[in-house]
Amino acid sequence: MMFLIQGETGSGKTTQIPQYLYEASIGRQGIIGITQPRRVAAISLAARVSEEKKTELGTLIGYTVRFEDLTSDKSKIKFLTDGMLLREAIGDPLLRRYSVVILDEAHERTVHTDVLFGIVKAAQKKRKELSKMPLKVLVMSATMDVDLFSQYFDRAPVLYLEGRQHSIQVFYTKESQSDYLHASLVSIFQIHQEAPPSHSILVFLTGQEEIEAMSRTCREIAKHLPQGCAQMSVFPLYASLPHLQQLRVFQLGQKGCRKVILSTNIAETSITIPGIKYVVDTGMVKAKRYTPESGLEVLAVQKVSKAQAWQRAGRAGRQQAGICYRLYTEEEFEKFLNMTVPEIQRCNLASVMLQLLALRIPNILTFDFMSKPSPDAVRAAIEQLELLGAIECKDSQIILTQLGKKMAAFPLEPRFSKAVLLSPEFQCSEEILTIVSLLSVDSVLYNPHTKREEAHSVRKRFISSEGDHMTLLNIYQAFKNVGGHKEWCRENFVNGRNMAMVTEVRCQLRDICAKFGVRLESSRSNTSNIRQCLAHALFLNAAELQLDGTYATLDTRQPVAIHPSSVLFNCKPSYILYNELLHTSKCYIRDLCVVDPEWLYEAAPEYFGRKLKGVNS
DNA sequence: GAGCACTGC
């Protein structure tokens, strides 16, 4: 059985449907699992349904997210992140514990949901063949892309639910706007002068810097408005804004004072702000794209999709009828893509391919994706995994190696799990675990731009001439030496929350290591072992100093520059590893580690032999 | 001499 449910936000589908299914005894033989793209959503939905059922959270209704499992043997309805269900599937590709799987928020098309589409489809078929308990699948989406879903799931029937969304009037500009920042300023103050101050305005912009600059401008203009005009409070909103400041958007506005929220697309899905009457949509978003041929990631401002524009407009009609001003013409809107390109077509696939192999998918090259990634991206991922020793390609068969099997067990990018598994050979597992943990969470470095100089000078004592990895390691070790004080974090411009996360991730990785009997030891004062180990795992991300003083990557000879945030910014080591290559205003490499070229050759002699030949010919 | 959108295991 397979159903698609299309229902707008507010239709109550996510909280009600699991309960109906449970009451109809469909959950008798197994669990009803409901996936969510975000942790907070999984947790809060479980809490809400549990309350409606008047049960204690974690008994009949529970949730599972990374680091937190609030379920018991009694749990029949379980909310979990899509990534978590994917992890579970690696241990049990048939998802035997589940009688129903509900993939919610499917329109968001996260990589995890996209892989799950294929997994549940295959599990359903396989369970039928084996005459096991049938798997019922429900896919829930808020947008009209259900046709694509229906087609993928063999023309599964679609149920349409009525929403409780209020009507929204949409206005376009008459003429194309060359400067969307200026256009949004004009719109904000026009609304401000015409509408009652209790009507809040939500403006969609592209990034932190733009939002901070616009906040300043708005506040400045608001100061000089004519007598009788209402006051205005401006709230910036973006993900890297400290949590407490994010929460300010939920405060009730002062009487007679207008709330203006300037936000990134975080307000599109993750954060719902009450009382929005007006939405101003610039039609722009900052998004990452990936080029498999060059391995280049590009972060650039681009046009939103139609679906995204509708999602934004919808934010105006949550509590009352709303109005959306689009700062582009209707003709321009018609040229927007219907849907945002799913993430699976915009990312490095190494992790995904490794997971598919761990899921024992017979042929990952022909895996039934709803939206197929490009053959180039698949090829690049396979190549990467082969170079890392995770897979072997024999007679057009791709086989997961013993190493690859272990790599797939870590919640890490393949190159990082490779570093962890190699670390015993270099007697530096403790240090590698720390470094990898530091790299897999948001930066622990806190750089408020008002105290930039101070942060810089305080951090000097941690700087290692061997690069950013070693500098981060120094910071972590200093943090541990003082017993992980909050006070210490404040004094040293370290983000305490992210540091706490590092500790949690490190514990999880340590547990997985223990399961595999990975020997854990410290290299003590020997740092070259650590860098050698990194070289053996990150050799695909190496750059070489050129005669003219610039850098080029060894992989594709892409010219790159050291990012100014690196401790190596003013240095010119001959060979460096980098964690990330991102094109913003230039091609920058970030998070660097000084290495010896011999280590690179040792790590992958054949590969570097090939690369050298390429240079000479 | 930059300034990175957003998630997740």
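Residue numbers begin at 1 in each chain, while the letters A, B, ... track the order of the sequences. Predicted model, so just to flag it, every value in this text is computed and none were measured.
For A:F369, the ring-ring contact (aromatic ring centres under 6.0 Å, His included) test picks out A:F367, with sequence neighbours left out. Among residues two or more places apart in sequence or in another chain, the salt bridge (charged side-chain N to carboxylate O under 4.0 Å, His left out) test is passed with A:R97 by A:E88.
Remark: the A:H112 side chain and the A:T110 side chain contain no N/O donor-acceptor pair separated by less than 3.5 Å.
In this structure, A:R452 reaches the bases: a heavy-atom distance under 4.0 Å links it to at least one base atom across the strands shown. Note on A:E210: nothing from the nucleic acid sits closer than 4.0 angstrom, heavy atoms only. Among the heavy atoms of the strands lying under 4.0 Å from A:Q208 are primed sugar atoms or P, OP1, OP2 only; no base atom is included. If you check every strand for non-hydrogen atoms under 4.0 Å, A:L582 touches a base. Note on A:S351: nothing from the nucleic acid sits closer than 4.0 angstrom, heavy atoms only. Residue A:T264 is in sugar-phosphate contact alone, with no base atom involved, counting any heavy-atom pair closer than 4.0 Å across all strands shown. Using a 4.0 Å heavy-atom distance criterion, A:R289 is classed as making no nucleic acid contact. Residue contacts shown for A:R38 are limited to sugar-phosphate atoms, with no base heavy atom under 4.0 Å away. Residue contacts shown for A:I266 are limited to sugar-phosphate atoms, with no base heavy atom under 4.0 Å away.
Counting heavy atoms from C-beta on, the side chains of A:R590 and A:S565 come closer than 4.5 Å. Looking only at side-chain heavy atoms (C-beta outward), A:L581 and A:C587 come within less than 4.5 Å of each other.
Against DNA chain B, the stretch residues 302-310 of chain A makes no heavy-atom approach under 4.0 Å.
The footprint of chain A on DNA chain B, defined by a heavy-atom cutoff below 4.0 Å, extends from B:dG1 to B:dC9.
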Side-chain atoms of residues 348-358 of chain A: list all donor-acceptor pairs with protein atoms under 3.5 Å, sequence neighbours left out, distances to 0.1 Å.
{"residue": "A:N348", "atom": "OD1", "partner": "A:A350", "partner atom": "N", "Å": "2.9"}

Mind listing the side-chain donor-acceptor pairs of residues 494-511 of chain A below 3.5 Å, one per line with the distance, residues two or more places apart or on another chain?
{"residue": "A:N495", "atom": "OD1", "partner": "A:R497", "partner atom": "N", "Å": "3.0"}
{"residue": "A:N495", "atom": "OD1", "partner": "A:N498", "partner atom": "N", "Å": "3.0"}
{"residue": "A:N498", "atom": "ND2", "partner": "A:S443", "partner atom": "O", "Å": "2.8"}
{"residue": "A:T503", "atom": "OG1", "partner": "A:M499", "partner atom": "O", "Å": "3.1"}
{"residue": "A:R506", "atom": "NE", "partner": "A:T434", "partner atom": "OG1", "Å": "2.8"}
{"residue": "A:R506", "atom": "NH2", "partner": "A:E430", "partner atom": "O", "Å": "2.8"}
{"residue": "A:R506", "atom": "NH2", "partner": "A:E430", "partner atom": "OE1", "Å": "2.8"}
{"residue": "A:R506", "atom": "NH2", "partner": "A:T434", "partner atom": "OG1", "Å": "3.4"}
{"residue": "A:Q508", "atom": "OE1", "partner": "A:R66", "partner atom": "NE", "Å": "2.8"}
{"residue": "A:Q508", "atom": "OE1", "partner": "A:R66", "partner atom": "NH2", "Å": "2.8"}
{"residue": "A:R510", "atom": "NH2", "partner": "A:E430", "partner atom": "OE2", "Å": "3.0"}

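The aromatic rings of A:F410 and A:F516 lie tilted to each other, with the angle between the two planes from 30° to 60°.
Of all the heavy atoms in A:G389 and A:T401, the pair that sits closest is O-OG1, 2.7 Å.
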